Amino acid sequence: MKKSLNEIAVLIGGEVVGDGDTQINSVNGIREAQEGDITFLANPLYKPLMNTTKASAIITSKEIHSARKPIIRTDNPSLALTKVIAIFSIKEESAILPGIDKAAVIGKGVKIGKNAAIAAFVVIEDGSMIGENSVIYPHVYIGSNTKIGSNTKIYPSVTIRENTIIGSSVTIHANSVIGSDGFGYVQAGESYQKIPQTGIVVIEDDVEIGSNVSIDKARFGKTLIGKGTKIDNLVQIAHNVRIGSNTIIVSQAGISGSSRLGKNVTIAGQAGIVGHVELGDNVIVAAQSGVTKSVSENTIVLGSPASSISEQKRIFAALHKLPGLLKVVKALKDKILK
Amino acid sequence: MKKSLNEIAVLIGGEVVGDGDTQINSVNGIREAQEGDITFLANPLYKPLMNTTKASAIITSKEIHSARKPIIRTDNPSLALTKVIAIFSIKEESAILPGIDKAAVIGKGVKIGKNAAIAAFVVIEDGSMIGENSVIYPHVYIGSNTKIGSNTKIYPSVTIRENTIIGSSVTIHANSVIGSDGFGYVQAGESYQKIPQTGIVVIEDDVEIGSNVSIDKARFGKTLIGKGTKIDNLVQIAHNVRIGSNTIIVSQAGISGSSRLGKNVTIAGQAGIVGHVELGDNVIVAAQSGVTKSVSENTIVLGSPASSISEQKRIFAALHKLPGLLKVVKALKDKILK
Amino acid sequence: MKKSLNEIAVLIGGEVVGDGDTQINSVNGIREAQEGDITFLANPLYKPLMNTTKASAIITSKEIHSARKPIIRTDNPSLALTKVIAIFSIKEESAILPGIDKAAVIGKGVKIGKNAAIAAFVVIEDGSMIGENSVIYPHVYIGSNTKIGSNTKIYPSVTIRENTIIGSSVTIHANSVIGSDGFGYVQAGESYQKIPQTGIVVIEDDVEIGSNVSIDKARFGKTLIGKGTKIDNLVQIAHNVRIGSNTIIVSQAGISGSSRLGKNVTIAGQAGIVGHVELGDNVIVAAQSGVTKSVSENTIVLGSPASSISEQKRIFAALHKLPGLLKVVKALKDKILK
């Protein structure tokens with residue numbers, strides 16, 4: 001399929017600068033693009049690549065006024081990109097056909113909604129429900145009395161333990177584990193006795209969960225992932241954690257037991273949050289930070305132990321002056337105190 | 001089922017303060033509890049919640065003498081809670097029935113103990129043994145010549161490689177990998193040649209291992225997880241590591257090759273231990289620490305690189321004074337050295 | 001099987017010091033070895049163990065000239081060890097027989113090479129290809145239109161998503177996920193809209209990937225793992241990352257989206273690399289470091305945020321003097337400024 005730049009500009013709502021008759025037949029990254037591709041510049045870091053890309057045209061923000069190549073200026077290049085990808089309808093994933101594969105094992109009293117697809121080697125235990133149009137890939141295990149909404153996708157080898165509640169339009173990527181026992185023991189002399197973990201996990205609508213993620217069930221009550229929250233790969237969510245809506249948790253971050261996150265929070269990669277603290281709405285935790293106490297809303301914290309960004313920036317700057325400082329103080333000491 | 005507070009107090013061994021006739025029909029967390037529930041206070045952080053919980057009664061430690069609500073004072077509220085949960089016999093997980101599912105694949109010479117349950121889509125390779133009453137959930141892979149004791153539970157999609165030895169009353173949560181090859185290569189020019197990893201993993205009795213954990217087999221000899229040790233989710237245990245009994249390793253921590261941990265050690269979340277070091281009995285490594293050398297018994301270390309808690313606390317405190325210090329030294333320098 | 005030390009020395013290319021008639025029947029670690037075993041000393045840390053090992057002989061480097069026990073001096077003890085292991089041909093893993101197990105599900109148009117082994121409960125979707133002699137263990141999922149070369153091993157419960165390209169002599173350990181969606185969203189008001197992830201993952205020849213690893217497909221274009229690169233367990237490789245040849249990435253490290261690593265790079269355990277940076281050839285990133293900007297070739301960086309090893313060593317040393325410094329400055333201030 002080919003489209004002219006003018007046609008694309010109309011479809012994505014942008015303004016062409018340059019030759020609007022340029023013919024486009026695909027979309028690609030700014031480095032990978034070849035002639036005939038349209039690409040995009042969302043991250044200003046990549047601006048110098050506008051001069052070297054082989055793409056035939058570039059989608060940019062309004063900050064860019066012109067370029068050597070034809071451009072489409074838009075208010076939101078990332079959103080425009082999403083629309084362009086849809087236009088060229090790039091071939092997507094393996095189709096799991098609606099219906100129950102004959103090599104799936106379905107327990108007693110299980111209800112499967114209209115057009116739901118249950119692939120080979122799936123196990124669904126007694127009393128569980130799968131909503132309409134949901135897709136359950138091969139090797140998924142769904143424990144008893146679990147409820148999964150409609151239009152939800154569960155990728156291969158995900159394990160979902162009993163009594164879990166998962167909303168609609170949720171995506172869980174491969175090999176993640178939802179509802180394993182929380183990590184709770186009572187010390188009895190030298191050894192540890194397990195505390196029964198009898199709660200559940202609740203995942204609200206529009207949540208996306210990456211691969212190899214662990215979300216533990218509550219000791220009792222529930223571990224909650226709020227509507228629209230997005231969780232990257234290899235993240236740990238401990239028992240009884242509650243996460244608000246539209247929160248972002250980047251890869252390899254960990255949230256310890258019973259901590260609570262507000263909405264629109266961002267936890268960057270490899271950060272850790274101790275147990276039993278609260279992070280208010282819109283809090284941002286920088287990568288590799290270690291949060292040891294509650295953080296009030298609209299605050300950015302970093303460092304391990306984490307404190308406010310302004311304090312940490314002063315500390316980081318001072319640290320680099322520290323070796324020099326030692327010399328100055330020694331000189332002063334030699335002159336004054338000796 | 002309903003029980004009076006007096007009845008519960010007898011069963012868990014505690015003393016009622018307040019109305020002993022209060023009727024209880026369930027147990028729940030202090031925030032989640034409703035009328036009719038009993039809850040508990042183990043963490044002093046939550047003390048203010050005693051005044052706001054909707055629970056009808058609270059299990060407390062002996063430090064609490066009375067409250068607005070009826071309480072049961074006990075020596076060990078967490079242990080008492082475990083007993084209360086047992087009393088109200090909260091419904092547990094999917095029952096995998098004893099016997100070998102017809103959709104399991106069992107190799108030659110495999111021995112399955114009495115009352116063991118082997119679920120659908122399990123693969124057990126030649127020469128392996130599963131002890132009495134053990135439960136192997138769907139999608140588990142057990143390599144050849146592996147021995148698993150009695151009363152052990154292996155959750156879905158766990159992979160256990162050949163020659164592994166697992167004791168009795170062990171629990172391994174979903175999607176963990178036991179006995180993968182250790183990470184060992186010899187540099188030969190620019191490229192790397194794999195060192196054969198021909199050892200095994202030995203997991204002693206009463207060990208619990210979380211979800212998405214990786215425990216590598218030894219280069220030769222064994223990687224050892226001692227009796228009663230508890231490992232949280234997403235933990236890395238490299239080849240030839242030896243861990244003593246009753247040790248706690250919290251989520252996302254990593255132990256590098258050939259390091260040895262004593263008994264009753266605690267490794268907090270996201271901490272890392274380099275290879276070839278020893279940590280003595282009762283060592284505590286704080287969250288996100290990086291341990292770069294051996295640590296003698298009964299020591300608490302933190303920081304990256306880690307050192308003793310007393311030194312690190314002084315450093316952390318001094319760090320926050322550092323920006324101010326720079327100004328003072330500049331003033332001194334201006335006055336004296338210029 | 002028994003061999004004399006003289007025979008072994010000829011086979012591995014080394015020089016015997018001591019009794020060359022010593023009979024050896026197995027190989028083991030320096031701590032684990034018993035009488036009749038040969039062991040080796042590669043890491044100088046273990047030198048004192050040469051006097052306490054129960055092994056009958058030791059393979060050493062040329063730096064060792066003699067010992068109480070008979071030794072074989074070699075140029076490269078680790079390489080010699082690999083040869084010795086081959087000599088004693090220690091029994092290896094479960095044999096998956098060539099052919100397609102009757103409990104595997106194979107899609108339309110799938111091509112399986114000669115002598116390839118496809119185990120029980122494997123799912124291969126339409127249009128995929130598996131090369132000669134490759135082994136696909138139980139519970140592996142291979143999405144549509146994926147190509148896997150020859151002599152490649154995919155361990156149990158690995159998920160490989162559609163359109164992935166995997167070379168020859170590649171090993172992927174259990175429960176890893178290749179080709180899941182990258183973590184990319186556009187903020188639209190309070191909520192996030194998913195950016196389609198339509199690229200692929202390409203894994204070149206001779207790559208080894210540990211267990212529980214997550215490698216995301218590209219937003220578009222490809223995520224690339226270069227020839228001969230070795231990746232440890234629980235590592236995160238985000239969308240559009242490109243990694244050169246013969247690079248080492250140790251357990252629990254994470255590489256964020258669109259970053260590029262050269263060849264012969266080493267990323268130590270639990271280190272993190274932000275997105276959109278480049279690391280030149282032979283760069284070494286120390287354990288737990290956080291790399292926030294590009295690093296030029298042949299550089300060692302550490303710390304979080306990371307800087308050069310020389311600067312960080314000065315900072316670490318100065319940090320330990322900081323509490324003392326505060327006292328000195330206070331004394332100076334009291335004398336001069338008050």
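Fair warning: this is a prediction, and the values are worked out from it, not measured in the lab. First the proteins, then the strands, lettered A, B, ... as listed; each starts at 1.
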When you measure from the centre of the six-membered ring of C:Tyr46, is the NZ or CZ of C:Arg31 under 6.0 Å away and within 45° of the axis? yes
Going by the angle between their ring planes, with limits at 30° and 60°, are B:Phe121 and C:Phe121 parallel, tilted or perpendicular? perpendicular
Between chain C and each of B:Asp126, B:Val329, B:Val123, B:Val177, count heavy-atom pairs under 4.5 Å; write down the option with the most. B:Val177
How about C:Lys83: does its NZ atom have over 12 heavy atoms from other parts shown lying under 6.0 Å from it? yes
Less than 4.5 Å to any heavy atom of chain C: does that hold for the side chain of B:Val274, its backbone, both, or neither? neither
C:Ala33, C:Pro156, C:Ala103: which one forms the most heavy-atom pairs within less than 4.5 Å of chain B? C:Pro156
Bottom line for B:Leu319: the part with an atom under 4.5 Å from chain C's heavy atoms is both
Inspect the contact between B:Glu162 and B:Lys217 and indicate whether a charged nitrogen and a carboxylate oxygen are less than 4.0 angstrom apart. yes
Pairs of heavy atoms under 4.5 Å with chain B: top-ranked of C:Asn212, C:Leu332, C:Thr82: C:Asn212
Just give me the residue among C:Ser245, C:Gly210, C:Pro138 that pairs up with chain B most often, heavy atom to heavy atom, under 4.5 Å. C:Pro138
Checking C:Leu81 against chain B: side chain, backbone, both or neither under 4.5 Å from a heavy atom? side chain
Ignoring hydrogens and angles, state whether a donor on the side chain of C:Asn233 or B:Asp216 is under 3.5 Å from an acceptor on the partner side chain. yes
Cut-off 4.5 Å, heavy atoms of chain B, and the answer for C:Asn264 is side chain
Result of checking B:Gln197, B:His239, B:Arg161 against B:Asp181 for side chain to side chain donor-acceptor pair (under 3.5 Å): B:Arg161
Between C:Val265 and C:Asn282, is any pair of side-chain heavy atoms under 4.5 Å apart? no
Chain B contact via C:Lys263 - which portion, at a heavy-atom distance below 4.5 Å: side chain
Which heavy atom in B:Ala104 sits nearest to a heavy atom in B:Ala119, and how many Å separate them? CB-O, 3.5 Å
Between C:Ser157, C:Ser211, C:Gly228, C:Gly269, who has the most heavy-atom pairs with chain B when the cutoff is under 4.5 Å? C:Ser211
Ignoring hydrogens and geometry beyond distance, is a side-chain donor-acceptor pair present between C:Asn175 and B:Thr159 at under 3.5 Å? yes
Okay, B:Ala253 and chain C: the region with an atom under 4.5 Å from a heavy atom over there is backbone
Of all of B:Pro305, B:Ala218, B:Ser307, which one pairs up most often with chain C through heavy atoms under 4.5 Å apart? B:Pro305
Can you say whether B:Arg219 sits under 4.5 Å from chain C via the side chain, the backbone, both, or neither, judging by heavy atoms? side chain
Do you know which of B:Arg314, B:Glu311, B:Lys321, B:Gln270 has the most heavy-atom pairs under 4.5 Å to chain C? B:Glu311
Please test B:Ile209 against B:Ile203 for side chain to side chain contact (heavy atoms under 4.5 Å, CB included), starting from the C-alpha separation and ending with a verdict. CA-CA 10 Å; B:Ile209 294 171; B:Ile203 295 174; 3.6 Å; yes
Could you tell me whether a side-chain N or O of C:Gln252 sits under 3.5 Å from a main-chain N or O of C:Asp232, the two making a donor and an acceptor? no
Report the option among B:Ala331, B:Ser180, B:Gly179 that has the most heavy-atom pairs separated by less than 4.5 Å from atoms of chain C. B:Ser180
Is B:Tyr185 in contact with chain C via its backbone, its side chain, both, or neither, using a 4.5 Å heavy-atom distance? side chain
Under a 4.5 Å heavy-atom cut-off, does chain C meet the side chain of B:Ala120, its backbone, both or neither? neither
Counting distance only, does the side-chain N/O of C:Glu204 pair as donor-acceptor with the main-chain N or O of C:Lys227 below 3.5 Å? yes
Sort out for me which of B:Ser256, B:Ala317, B:Gly127, B:Ala271 touches chain C most, counting heavy-atom pairs under 4.5 Å. B:Ala271
Can you tell which part of B:Val277 gets under 4.5 Å to a heavy atom of chain C, answering side chain, backbone, both or neither? neither
Answer with side chain, backbone, both or neither: which region of C:Ala287 has an atom nearer than 4.5 Å to a non-hydrogen atom of chain B? neither
